[in-house]
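Some notes on the structure that comes next.
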2 protein chains.
Amino acid sequence: MATIADVAKLAGLSRATVSRVINNHPYVTDKKKQLVYQAMKELEYYPNSSAQRLRKQKTDTIAVLVPNLTNPFFPFLIEGMEMIAVENHLQLLICQTQQDKDKELTFLNLLKTKQVDGLIFTAIKNDLETIASYQECGPIILCNEYQSEAKIPIIRLDQYKGSYMGTRFLIEKGHRNIAYCGGAEGELGADRQKGFMDAMKESRLEVDSKSMFRYPPSIDSGKKVLREILAMENKPTAIFAGSDEVAAGIVKEAKSFKLRIPEDIAVMGFDDLPIAELVEPSLTTIRQPVKGIGKKTMEIMISMLANPSTNIENQVYELPIELVIRESI
Amino acid sequence: MATIADVAKLAGLSRATVSRVINNHPYVTDKKKQLVYQAMKELEYYPNSSAQRLRKQKTDTIAVLVPNLTNPFFPFLIEGMEMIAVENHLQLLICQTQQDKDKELTFLNLLKTKQVDGLIFTAIKNDLETIASYQECGPIILCNEYQSEAKIPIIRLDQYKGSYMGTRFLIEKGHRNIAYCGGAEGELGADRQKGFMDAMKESRLEVDSKSMFRYPPSIDSGKKVLREILAMENKPTAIFAGSDEVAAGIVKEAKSFKLRIPEDIAVMGFDDLPIAELVEPSLTTIRQPVKGIGKKTMEIMISMLANPSTNIENQVYELPIELVIRESI
DNA sequence: CTGAAAGCGCTAACAT
DNA sequence: ATGTTAGCGCTTTCAG
């Protein structure tokens, strides 16, 4: 493998000049520039990025911590982030935490070991104090998941509004006994739940604690929820699911029990992922502009990278959220 | 940020000894080891990975090129790879090519710039010669996607067998006019198609060239295929879809046209992803042990990394594939 | 506009 | 068992 010294020698110039050409610095004669390019091509030279990183003390890489990639929400989020990242010559290092506290810490160490310049959380298992302490090593952003007392910038949607809106819709459709299946942890989950609760309270509807479920967002969780509901005495007529995956599981299981949707049981999703349109009946759901959050998050990251001095204490950015009406309610 | 020199000074030892402790080398007294640990903790020392990489001339990172992550096939594949990778202290750098030839080349350069030690393709847009030329920079593996004349190790399933098996099943169910929707490029797609064709030929069934579709694996492709089929004069009674996504799209669209499945039209999927169970009716499909391929691929990568001298010219590894019977046929 | 030289932080001979 | 030292390949002052 050729090094910068080889190129310099072949071009009859110094390593400094070659470096200047590589990095598009001004003040290099066109003639010498051509000489360098030629030598680089001849030697099939490519700069060694470890050396560059060590010298420049930056990696142009951002770690993105997601619980997993099999939940389609995250690939879409990442797609949004990546659109902005590539424009800014940043690389994403995608890290699956699998909801594991220790894995999360391991990935946080990417910041300490200078393997990445910044880090984005899309779910948190550790407490904020722990995480906040890593901020000295580089910018950290919370995306989607959040906790308001954090001294960490946050990009999120108004979850409260989303679930409030969804619940109102269910109530307007005549439902009185509505079950709720959360899943998201932290304040995001709490906000969603609060939106649900407030909408119910506003209409003077009671919420049975037995109809409040808390399962991770997956198809299987949805199936489980439905079975548990069927075993209840005072069966809810509608379910507000925490995600389209859960809602899809509920729908699927309901049909295996020959229940009609929405007549026997109505289901509200959350996210509006492709799966929402696919299941039969298709899901009425709360649309989150997932890619939009991803983009916004990366934009903030970039501005933090460019401007490390900014005080970003507890900034919250919010994006719109809307109700998509289909067939499941 | 503390460096190894700081730790050495505080511990009253040389940098070499500290390095030995970091890298778990033998021949360090327990006493001194403790001294080092203590100093590291006190200074909150973490080794700079750029420096380690530059010095060791390896990154312990493998690039995985996928078309995208929104097609659930790839997250599952990655999950398999990652299981093996973490066990071996390897990091995955997931790269979305978006089916773009140039992006693919950009990612290939990760090898040249020494940013990764090896690289795995799960889809190829460039020709093999181009790719093969990068092999001098580190091991390259083709996973799933393949071309048999490649001088590159390949991990794949017997696609021919899969589609042959599926088509036989369709024929046994009485179908005579069967449409086929491929999508995968290269020989993988060709093999699948050949399996289909051979099964048809064996039963002396004709294949109308108009019923041979070639669309990328997505729900929308499926919808499109169904609409085109409905516009045909001599309508097929069954469709062999190239993926569960396509099959799901077909099923969805068929129902919007009030067609019954499998009575009016039967659909065979490919992959057996969660979506296969979710749609109504659930998909009869060809199960690929996706995670298994991922694991196997990473195992090969690791052995290539450990044993760079091995001649891995055109090795093919195959894994079992099976028919999963559900409701769509 | 170009070159010389210092050094980013670490590891691996080599020496003891 | 531990320390000394020479780089890994690159960028960036500082001179000129």
Side-chain angles (χ1 to χ4, degrees), chain A residues 1-37 39-40 43-61 89 109-117 137-138, chain B residues 1-37 39-40 43-61 89 109-117 137-138:
Chain A
M1 282 290 90
T3 74
I4 200 171
D6 301 324
V7 178
K9 197 191 290 176
L10 184 60
L13 294 163
S14 72
R15 294 178 314 172
T17 305
V18 177
S19 173
R20 287 191 186 99
V21 173
I22 293 170
N23 295 284
N24 277 313
H25 283 210
Y27 307 127
V28 183
T29 339
D30 252 4
K31 201 193 292 176
K32 312 224 162 180
K33 214 182 260 181
Q34 293 312 320
L35 242 43
V36 172
Y37 283 137
M40 294 205 302
L43 295 170
E44 295 191 68
Y45 168 76
Y46 288 85
N48 178 308
S49 52
S50 302
Q52 289 182 313
R53 289 173 174 204
L54 176 58
R55 183 56 234 242
K56 295 192 189 171
Q57 301 282 42
K58 62 174 197 149
T59 61
D60 293 321
T61 302
H89 309 288
N109 277 338
L110 292 170
L111 227 36
K112 298 233 188 231
T113 60
K114 299 271 173 255
Q115 216 180 121
V116 300
D117 297 339
C137 305
Chain B
M1 279 292 89
T3 74
I4 200 171
D6 301 324
V7 176
K9 196 193 290 178
L10 183 60
L13 294 163
S14 73
R15 294 178 315 174
T17 304
V18 177
S19 174
R20 288 192 186 99
V21 173
I22 293 170
N23 294 286
N24 279 313
H25 283 208
Y27 308 128
V28 184
T29 339
D30 253 2
K31 204 193 291 177
K32 313 225 162 183
K33 215 182 261 182
Q34 292 313 319
L35 243 41
V36 171
Y37 284 136
M40 294 206 301
L43 295 169
E44 294 191 69
Y45 168 77
Y46 288 85
N48 178 309
S49 53
S50 302
Q52 288 182 314
R53 289 173 174 204
L54 175 58
R55 184 56 232 245
K56 294 192 187 171
Q57 300 282 43
K58 61 176 196 145
T59 62
D60 293 321
T61 302
H89 309 287
N109 277 338
L110 292 170
L111 227 35
K112 297 235 188 228
T113 60
K114 300 271 173 254
Q115 216 178 123
V116 300
D117 297 339
C137 304

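These numbers come from the heavy atoms of this one structure, side chains and all, not from hydrogens, waters or symmetry mates. Numbered from 1 within each chain, the chains take letters A, B, ... in sequence-line order.
- Proximity of A/Y45 to the phosphate of D/dC10: a side-chain N or O atom is located under 4.0 Å from OP1 or OP2.
- B/K114 comes within 4.0 angstrom of no nucleic acid atom, judged by non-hydrogen atoms across all strands.
- Between the OH atom of A/Y46 and the C1' atom of D/dC8 there is a distance of 21 Å, rounded to whole Å.
- One interatomic measurement links the two molecules: CD of B/Q52 to C1' of C/dC8, which rounds to 14 Å at whole-angstrom precision.
- Checking D/dT2, D/dG9, C/dG3 against every side-chain atom of B/L54, the shortest atom distance belongs to D/dG9.
- Rounded to whole Å, the distance from CD1 on A/I22 to C1' on C/dT2 is 15 Å.
- Atom CZ of A/R15 is separated from atom P of D/dC14 by 18 Å (rounded to the nearest Å).
- Rounded to an integer number of Å, the gap from A/N23 CG to D/dC10 P is 11 Å.
- The side chain of A/S19 lies closest to D/dT12 when the candidates are C/dC14, D/dT12, C/dC10.
- Between A/S14 and C/dG3 there is a side-chain N or O to OP1 or OP2 distance below 4.0 Å.
- Residues B/A51 and A/L54 come closest through the heavy atom pair CB-CD1, 3.8 Å.
- Comparing C/dA4, D/dG9, C/dC14 by their closest approach to the side chain of B/R20 singles out C/dC14.
- D/dC10 atom P lies 11 Å from atom CE of A/M1, rounded to whole Å.
- The listed nucleotides are D/dG3, C/dG3, D/dA1; the one nearest the side chain of B/L13 is D/dG3.
- Panel note: side chain A/T113, backbone B/S49; no donor-acceptor pair is recorded below 3.5 Å.
- Among the heavy atoms of the strands lying under 4.0 Å from B/T29 are primed sugar atoms or P, OP1, OP2 only; no base atom is included.
- For A/K9, the salt bridge (Lys or Arg N to Asp or Glu O under 4.0 Å) criterion is met by no residue, not counting sequence neighbours.
- A close approach under 4.0 Å does occur between a side-chain nitrogen or oxygen of B/K32 and OP1 or OP2 of D/dT2.
- Side-chain atoms of B/R53 stay outside donor-acceptor range of the base of D/dG9, with no qualifying N/O pair under 3.5 Å.
- In this structure, B/K112 places its NZ atom where more than 12 heavy-atom neighbours from other residues, nucleotides or ligands lie under 6.0 Å away.
- Counting non-hydrogen atoms under 4.0 angstrom, A/P26 reaches nothing in the nucleic acid.
- Judged by closest nucleotide on DNA chain D, B/V28 is the one of B/V28 and B/A51 placed further toward the 5' end.
- If you measure from atom CD of A/Q57 to atom P of C/dC8, you get 9 Å, rounded to the nearest angstrom.
- One interatomic measurement links the two molecules: NZ of A/K9 to P of C/dA4, which rounds to 14 Å at whole-angstrom precision.
- Taking the side chain to side chain donor-acceptor pair (under 3.5 Å) definition, one finds that A/S14 meets it with A/T17, sequence neighbours left out.
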